[in-house]
Amino acid sequence: MRINGVELPLDLYDLETAGRVQKALCNLSQELGALERKDVDWCESLREQMGAVCRFFDTAFGKGTARRLFGRRQNLRSGYDAVNEFFRAFYEIRSRPDML
């Protein structure tokens with residue numbers, strides 16, 4: 001899988017990888033759900049959402065992955081684009097009949 005020019009290994013049938021991805025997905029869901037219930041201003045909301053996205057990639061693919069994907073300047077739009085690209089690849093792999 002390639003995101004922002006960075007190749008990320010996504011073998012969902014490798015148990016170690018699957019475990020990291022599952023943990024990352026659960027954490028992302030919990031963090032974004034908790035943020036919906038918080039009373040924070042718009043800028044803080046952007047910062048917390050991007051933090052959740054970065055933690056997602058670092059958990060799923062190893063520490064430093066978010067920095068490789070986004071560099072020093074973080075943009076929530078590119079963060080969500082990266083998450084959407086991850087889900088596209090995730091569902092494509094999961095839907096392959098030869099892998100059932």
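What's counted below: heavy atoms across the whole structure, side chains too, no hydrogens, waters or symmetry copies. This chain uses plain numbering: 1 for the first residue, then up along the sequence.
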For a quick test of reading the model, state the closest non-hydrogen atom pair linking [X] to [Y] and the distance between them.
| X | Y | value |
| --- | --- | --- |
| Asp58 | Thr65 | OD1-N, 3.0 Å |
| Leu28 | Ala52 | CD1-O, 3.7 Å |
| Leu46 | Leu76 | CD2-CD2, 3.4 Å |
| Leu12 | Ala18 | O-CB, 3.6 Å |

Please tell me if the side chains of [X] and [Y] come closer than 4.5 Å, counting only heavy atoms from C-beta onward.
| X | Y | value |
| --- | --- | --- |
| Leu8 | Arg68 | yes |
| Met1 | Phe61 | yes |
| Arg20 | Lys23 | no |
| Leu35 | Ser45 | yes |
| Phe86 | Val53 | no |
| Asn75 | Phe70 | no |

> More than 12 foreign heavy atoms under 6.0 Å from CD of Glu7: is that the case here?
Replying inline: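 Counting neighbours around CD of Glu7, more than 12 heavy atoms of other residues, nucleotides or ligands fall under 6.0 Å, so yes.
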
To the nearest 0.5 Å, what is the distance between [atom1] on [X] and [atom2] on [Y]?
| X | Y | atom1 | atom2 | result |
| --- | --- | --- | --- | --- |
| Asp11 | Ile93 | CG | CD1 | 7.5 Å |
| Glu31 | Glu36 | CD | CD | 13.0 Å |
| Arg88 | Asp81 | CZ | CG | 12.5 Å |
| Ser78 | Met50 | OG | CE | 5.0 Å |
| Lys63 | Arg55 | NZ | CZ | 13.0 Å |

>> Between Glu44 and Lys38 (salt bridge meaning N to carboxylate O under 4.0 Å), is one present in this structure?
In response: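 Salt bridge flag = no for Lys38 with Glu44.
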
Do [X] and [Y] sit in the same hydrophobic cluster, where Ile, Leu, Val, Met, Phe, Trp and Tyr count as joined when their side-chain heavy atoms come under 4.5 Å apart?
| X | Y | value |
| --- | --- | --- |
| Trp42 | Val40 | no |
| Tyr80 | Leu69 | yes |
| Leu15 | Leu10 | no |

Donor-acceptor under 3.5 Å ([X] side chain, [Y] main chain):
| X | Y | answer |
| --- | --- | --- |
| Asn4 | Val6 | no |
| Ser95 | Glu92 | yes |
| Thr59 | Phe56 | no |

